Student: 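This is the structure I have questions about; it appears just below.
Whatever order the structure lists ligands and atoms in, that order sets their numbers, starting from 1. A quick note: this is a predicted structure, and the numbers were derived from the prediction, not measured.
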Amino acid sequence: MKPSLLSSARILLIVGGGVSAYKSLDLIRRLRERGAGVRVVMTAAAKQFVAPLSAGALSGAAVRDDLFNLADEAQMGHIELSRSADLIVVAPATADLLAKMAHGLANDLASTTLLATDKRVLVAPAMNVRMWLHPATQRNVAIMRGDGIAFVGPDDGDMACGEFGPGRMAEPLAIVAAVEEELRRPTAIPLPSASPSRDLLKDKRVVVTAGPTYEPIDPVRFIGNRSSGLQGYAIAQSAACVGADVTLVSGPTSLADPPGVRVVRVETARQMHEAVRAALPADIFVAAAAVADWRVENVGARKLKKSGTGAPTLSLTENPDILAEIAGSGTERPGVVVGFAAETENVLDNARAKLTRKGCDLVVANSVAEGSGTFGGAENEVYVVSNTGVETWPRMSKREVAEKLVALIASLDRGIR
Ligand code: C5P
């Protein structure tokens, strides 16, 4: 049998205040049985459900619960707590803890530690079914997934509150399995803001396109696509985090403007083309948008009506290829031009062909085949194709793809690669 990664792992377990906190005691035992070192942080509410003494006895170390305890901070401060862990596990994660994590609140030891970390975080939610299903909680979960945070559970079942449905904390052994899976994944990439590469793209002008385009058929209908814009927004934000002056030209999305980024909202490919030209010159151009190749030539001035003569015929005409134009713009060309290739088949071959045909320095290729979960999903699995070869990146959050890509672009910009 292969030795478990757990045998040398250091786990920081954050226990939130819920009935299922008692299961966390079993979780500590299971983790330690497998050789892991476990440190425990409890919220004030958690201490209403289980005694810190029990958690301390099982983990073999004093439980931390107070941000403002000088003696504790002198021994191991809240920053050091997260730094010395391989993985942070939040179990049970209450609706309140999820909301704090999603929005970056830091008003006790647990939330402050979670905000101060660049380590992987695994969350085991536990709450009343209606709290779990509430749009606010689901929004928070979506934000956290986008931040690269992993989830285990919640399970369906009878709940302490007498209701039935999703909300029960995953069983300790299921959490142990999820911990092992997380430990197997490549280590998290440090957040740009927390790494010495803060100035990686200082004062560089970066233009990013993102999202779909909508090509009108008539005043009511349009031809669009399933692009969510998440990947392009993450790239714009990552570039801004490392000092770049970023303009994001976005098609219609439901995403909020990334902080520190100039956002120009457009609908059609031609508007995107115009907005990109207006944002130039730039040092770096990243075309992450899913631009419609074709638009309707005969857009109806009024809503098309059903007639007795059958279906209307839409005549299509080609849209400008923004990427190809910018990449081929001679002396005006940005130093680094990056394209995306969303393919349903022959991903690599098509990406290589696109690199040459469009004249870019990098093509980031992914599969958008049914079941890939790329469109609208929080994760991406990409190949990065250049003239020197292909890099295969493991599945990771779109934010992590963005950070890695921005680091790669910066090295190209400096002529290092
Ligand atoms: O040719 P295809 O649409 O597959 O190419 C995808 C790449 O080209 C993406 O980077 C996309 O943003 C860019 N593109 C563009 N303008 C178009 C079509 C695609 O910038 N009209």
Student: With Asp155, which residues qualify under salt bridge (charged side-chain N to carboxylate O under 4.0 Å, His left out), at least two apart?
Tutor: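 Not a single residue meets the salt bridge (charged side-chain N to carboxylate O under 4.0 Å, His left out) criterion with Asp155.
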Student: Is there any salt bridge (Lys or Arg N to Asp or Glu O under 4.0 Å) pair reaching into residues 92-103, and which pairs are they, with sequence neighbours excluded?
Tutor: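 For residues 92-103: Asp96-Lys100, Lys100-Asp108.
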Student: Taking non-hydrogen atoms within less than 4.0 Å of ligand 1, which protein residues qualify?
Tutor: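 Lining ligand 1: Ala287, Ala289, Val291, Asp293, Pro320, Asp321, Ile322, Leu323, Gly339, Phe340, Lys354, Lys358.
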Student: Does any non-hydrogen side-chain atom of Leu98 lie less than 4.5 Å from one of Val141?
Tutor: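 Val141 reaches Leu98 side chain to side chain.
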Student: Given side chains that start at C-beta, do those of Val266 and Ser250 come closer than 4.5 Å, heavy atoms only?
Tutor: no
Student: Out of the candidates Asp147, Val89, Val90, only one should pair with Val121 under the side-chain contact (heavy atoms from CB on, under 4.5 Å) rule; please name it.
Tutor: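 Only match with Val121 under side-chain contact (heavy atoms from CB on, under 4.5 Å): Val90.
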Student: List in chain and number order the residues that pass ring-ring contact (aromatic ring centres under 6.0 Å, His included) with Phe222, two or more places apart in sequence or in another chain; answer none if no residue qualifies.
Tutor: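 With neighbours one apart ignored, the set is Tyr214.
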